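Take a look at the structure below.
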Amino acid sequence: MIDWEHEEDAFCEGSFKSKFFRDDEDSDELTIGMRSVDLKECAENCVKSFNNLTEAQINEICKGLINCAKESGDNEDFELSALENSLDILKYCWFSTLYVNMLHKDDEIAYVVEGKGDWGKSIGFVIENNKVIYVGVDYFDYMKSSE
């Protein structure tokens, strides 16, 4: 599932195919990053969870993205047109990286997904134990620290 391109003790990076979300080139390939080579199995579980988000979870993420587009844009030329359904927001944003947000193999599945919107802000969402915890611009505030 993951094609590992860079592996070191302190940081690993690879790529994987997303079943639903797209990157800025309208590709289904996203990057994955993690803090330790010891978490490779966790990374695979995060990708599996990401690729199996439910329709309800995806709708919750999209509604959060709509709120971001309405409230936190830097691009003055951007105007969010009327959307027929919440999934239409994905025409205005893309995702680049999934960060494994686990410190130990025994932790519950947790990850942070980073992207950007046409409205000019970096955006992301946080999944913990298969629940959407956060959608917005402050997604890195949810990253666990090993300190």
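All figures in this text were calculated on a predicted structure; none of them were measured in a lab.
- The distance from atom CG of Asn129 to atom CG of Asp107, rounded to the nearest 0.5 Å, is 11.0 Å.
- Residues Met143 and Arg35 are in side-chain contact: their nearest non-hydrogen atoms beyond the backbone lie under 4.5 Å apart.
- The closest side-chain heavy-atom distance from Met34 to Met102 is not below 4.5 Å.
- The shortest heavy-atom contact between Lys19 and Asn52 is NZ-OD1, 4.4 Å.
- Heavy-atom neighbours of Glu108 CD from other residues, nucleotides or ligands within 6.0 Å: at or below the threshold of 12.
- A donor-acceptor pair is defined here as one N or O able to donate and one able to accept, closer than 3.5 Å; such a pair exists between the side chain of Asn85 and the backbone of Leu87.
- Contact record, Lys63 with Ser86: CG-CB, 4.1 Å, taken as the closest heavy-atom pair.
- For the residue pair Glu5 / Ser15, a side-chain donor-acceptor distance below 3.5 Å is found, with atom types taken as modelled.
- For the pair Leu53 and Phe20, the minimum side-chain heavy-atom distance is 4.5 Å or more.
- Contact detail for Glu29 and Ser27: the closest heavy-atom pair is N-OG, 3.1 Å.
- Going from atom CG of Asp38 over to atom NZ of Lys105 covers 5.5 Å, rounded to the nearest 0.5 Å.
- Looking at residues two or more places apart in sequence or on another chain, you find a side chain to side chain contact (heavy atoms under 4.5 Å, CB included) between Asp77 and Asn75.
- A donor atom on one side chain and an acceptor atom on the other are found under 3.5 Å apart for Ser49 and Asn130.
- The hydrophobic cluster containing Val47 also contains Val132, counting ILVMFWY residues as joined when their side-chain heavy atoms lie under 4.5 angstrom apart, directly or transitively.
- Each of Tyr111, Phe140, Phe125 was compared with Tyr99 under the ring pair (Phe, Tyr, Trp, His ring centres under 6.0 Å) criterion, and only Phe140 meets it.
- By the rule that hydrophobic residues join a cluster once side-chain heavy atoms approach within less than 4.5 Å of another member, Val135 and Val113 end up as members of one cluster.
- In this structure the side chain of Thr31 never reaches within 4.5 angstrom of the side chain of Ser96, judged on heavy atoms.
- Summarising the geometry, atom CG belonging to Leu65 is positioned 14.5 Å from atom NZ belonging to Lys121; distances are rounded to the nearest 0.5 Å.
- One hydrophobic cluster holds both Phe21 and Leu83 under the rule that ILVMFWY side chains link at heavy-atom gaps under 4.5 Å.
- Interatomic distance, CG of Asp24 versus CG of Leu30, reported as 9.5 Å (0.5 Å rounding).
- Pairing each heavy atom of Cys46 with each of Leu98, the nearest pair is CB-CD2, 4.1 Å.
- Rounded to the nearest 0.5 angstrom, Asn59 CG and Thr54 OG1 are separated by 8.5 Å.
- Closest of all the heavy-atom pairs between Glu128 and Ala110 is CG-CB, 3.8 Å.
- Panel note: side chain Asn101, backbone Val112; no donor-acceptor pair is recorded below 3.5 Å.
- To the nearest 0.5 Å, the span separating CD on Glu60 from CD on Gln57 amounts to 7.5 Å.
- Side-chain contact between Met1 and Lys48 is present, with heavy atoms from C-beta onward closer than 4.5 Å.
- Inter-residue side-chain proximity for Ile133 and Tyr142 is flagged as met; some heavy-atom pair is nearer than 4.5 Å.
- When the side chains of ILVMFWY residues are joined at heavy-atom separations under 4.5 Å, either directly or via intervening members, Ile66 and Trp94 end up in two distinct hydrophobic clusters.
- Looking only at side-chain heavy atoms (C-beta outward), Glu13 and Ile32 stay at 4.5 Å or farther from each other.
- In the hydrophobic clustering of this structure, Trp4 groups with Val100; members are Ile, Leu, Val, Met, Phe, Trp, Tyr whose side-chain heavy atoms approach within less than 4.5 Å, directly or through other members.
- The side-chain heavy atoms of Lys70 and Leu80, taken from C-beta on, include a pair separated by under 4.5 Å.
- Ring to ring, Phe95 and Phe50 are not that close: their centroids are 6.0 angstrom or more apart.
- Annotation for Cys93 and Trp119: closest pair CB-CH2, 3.9 Å, computed over non-hydrogen atoms.
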